[in-house]
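The structure under discussion appears below in the form of structure tokens.
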Amino acid sequence: MAVVAAAALEWATKEPCLMGIDEAGRGPVLGPMVYGCMYCACSYQDTLATLSFADSKTLKEEQREELFESLKTNNSIGWEVDVICPKVLSAKMLKRTKINLNEISHNSAMGLVKKAIDMGVLLTEVYVDTVGDPEKYRVKLAEKFPGIKFVVAKKADSLYPVVSGASIVAKVTRDRAVRNWAFDETAQNMHMNTGSGYPGDPNTIQWLKDHKHPVFGFPTLVRFSWGTCTPYFKNGVEVTWESDELDEDEASNGSAKRQVKLSSLGFTGFKRKSEEIESSGKARCRFFQARKLELVRKFQ
């Protein structure tokens, strides 16, 4: 979901503007992926280069925080973020028609461009840190937003100050989101000693071991679609539930509701059974049968 930091300032709707886009948290198994953008008037470009923005990975946390607070108070700079939570990432990547991480990234970046345009920002140039092939990505963006010049490059966060600024916006936003994470779950002994969140970090691996559940899997902080999580489900309990959502082709054929297993939806760590049990709905969980509870799609 895109979150707008502030309404477009007056100069942004009158002067040609350039924008930088970068992400933070693409690789970790924990926490959200955040896309950030920063924009300013093209005439402000020389001044922007003097503000000590740099690739956020080269800065200490205190430096990033300080720079972020300074750009927030700079009336010559605008910014936005798109925070994509772990469960959204996993749900998209485990759909029957899967949406891979590159496509999720592209859609987020394009969403930020569209949001700025809808706010009235007069965008003429956009600089993007690439995901995938730079030229293919540039063509994709140019076709989506004709009239805007796109520059897509590897390491753009170290080449263009406006992308460096976007890198800081994304990184600080993600760090704060993880640091202030509020668990939906209520299990005891949950903690945030997660390490870096990257799959190779021993502290992160230990955190995953401490927080796995044989039925419910992991807390919502975890991107359970990551291959890192698969080994933890080897001894998991296989769960079968009635599928309330029908595929379009099944709906058109008048097919009955089905029971589906987690393993059929991409959770390959569970013991697999290839068949899906056809059901008229009578196999609904006894809890629902006993209480005569049915799925309601429309309300009077």
Side-chain angles (χ1 to χ4, degrees), residues 1 25-34 83-101 104 174 177-247 257-277 279 281-291 293-296:
M1 179 181 67
R26 178 179 170 84
V29 67
L30 303 179
M33 180 171 72
V34 177
V83 180
I84 310 169
C85 70
K87 60 184 177 182
V88 169
L89 287 170
S90 294
K92 289 179 180 293
M93 295 176 73
L94 291 174
K95 288 180 67 174
R96 294 198 174 177
T97 304
K98 300 183 187 301
I99 304 175
N100 65 38
L101 195 59
I104 295 172
R174 174 181 150 78
V178 173
R179 188 164 59 243
N180 299 318
W181 189 267
F183 286 102
D184 294 334
E185 300 78 18
T186 57
Q188 293 182 347
N189 302 320
M190 298 185 74
H191 61 81
M192 284 300 293
N193 300 324
T194 60
S196 66
Y198 282 86
D201 187 329
N203 292 325
T204 300
I205 293 171
Q206 186 60 51
W207 190 92
L208 290 171
K209 290 178 180 178
D210 292 343
H211 290 79
K212 68 179 179 179
H213 189 283
V215 175
F216 300 109
F218 288 112
T220 52
L221 178 66
V222 180
R223 304 177 188 179
F224 53 85
S225 59
W226 256 232
T228 310
C229 298
T230 302
Y232 298 98
F233 293 126
K234 286 182 179 178
N235 298 318
V237 176
E238 187 167 290
V239 177
T240 302
W241 81 97
E242 184 175 307
S243 174
D244 291 319
E245 297 296 333
L246 297 177
D247 292 337
K257 292 181 178 180
R258 299 172 299 116
Q259 289 186 345
V260 291
K261 296 183 184 299
L262 287 175
S263 56
S264 71
L265 297 181
F267 291 84
T268 55
F270 289 100
K271 182 179 179 182
R272 295 184 65 92
K273 291 184 180 180
S274 59
E275 74 275 8
E276 291 181 350
I277 305 170
S279 170
K282 294 181 180 179
R284 183 180 282 267
C285 176
R286 290 180 183 177
F287 176 92
F288 298 105
Q289 287 187 55
R291 293 160 178 78
L293 297 175
E294 297 291 337
L295 177 68
V296 176

Shortest non-hydrogen pair, Pro199 vs Pro28, comes out as CD-CA, 4.5 Å
For Met192 and Val178, the nearest pair of non-hydrogen atoms, with its separation, is CE-O, 3.2 Å
*Are side-chain heavy atoms of Leu221 and Met190 found at a separation under 4.5 Å?*
no
Are any non-hydrogen side-chain atoms of Gln206 and Asn193 less than 4.5 angstrom apart? no
So, the side chain of [X] versus the backbone of [Y]: is there a donor-acceptor pair under 3.5 Å, distance only?
X	Y	result
Asp201	Gly195	no
Thr204	Thr194	yes
Arg223	Gly31	yes
Trp226	Leu30	no
Ser90	Phe224	yes

Please tabulate, one pair per line, all N/O donor-acceptor pairs under 3.5 Å involving side-chain atoms of residues 212-219, not counting sequence neighbours.
| residue | atom | partner | partner atom | Å |
| --- | --- | --- | --- | --- |
| His213 | ND1 | Val215 | N | 3.0 |
| His213 | ND1 | Phe216 | N | 3.1 |

One should read off an interatomic distance between Asn100 CG and Met93 CE, to the nearest 0.5 angstrom, of 7.0 Å
To the nearest 0.5 Å, atom OG of Ser225 lies from atom CG of Leu101 at 8.5 Å
Steps toward side-chain contact (heavy atoms from CB on, under 4.5 Å) verdict (Cys229, Val29) | CA-CA 8 Å; Cys229 298; Val29 67; 3.8 Å; yes
Run the numbers on Met33 and Arg26 for side-chain contact (heavy atoms from CB on, under 4.5 Å), then give the verdict. CA-CA 6 Å; Met33 180 171 72; Arg26 178 179 170 84; 4.2 Å; yes
### Message
Check the orientation of Trp207 and His191. Use parallel for under 30°, tilted for 30 to 60°, and perpendicular for over 60°.
### Response
perpendicular
Between Val222 and His211, does the side-chain contact (heavy atoms from CB on, under 4.5 Å) criterion hold? Intermediate values first, please. CA-CA 10 Å; Val222 180; His211 290 79; over 6 Å; no
Could you walk me through whether Thr228 and Tyr198 pass the side-chain contact (heavy atoms from CB on, under 4.5 Å) test, one step at a time? CA-CA 10 Å; Thr228 310; Tyr198 282 86; over 6 Å; no
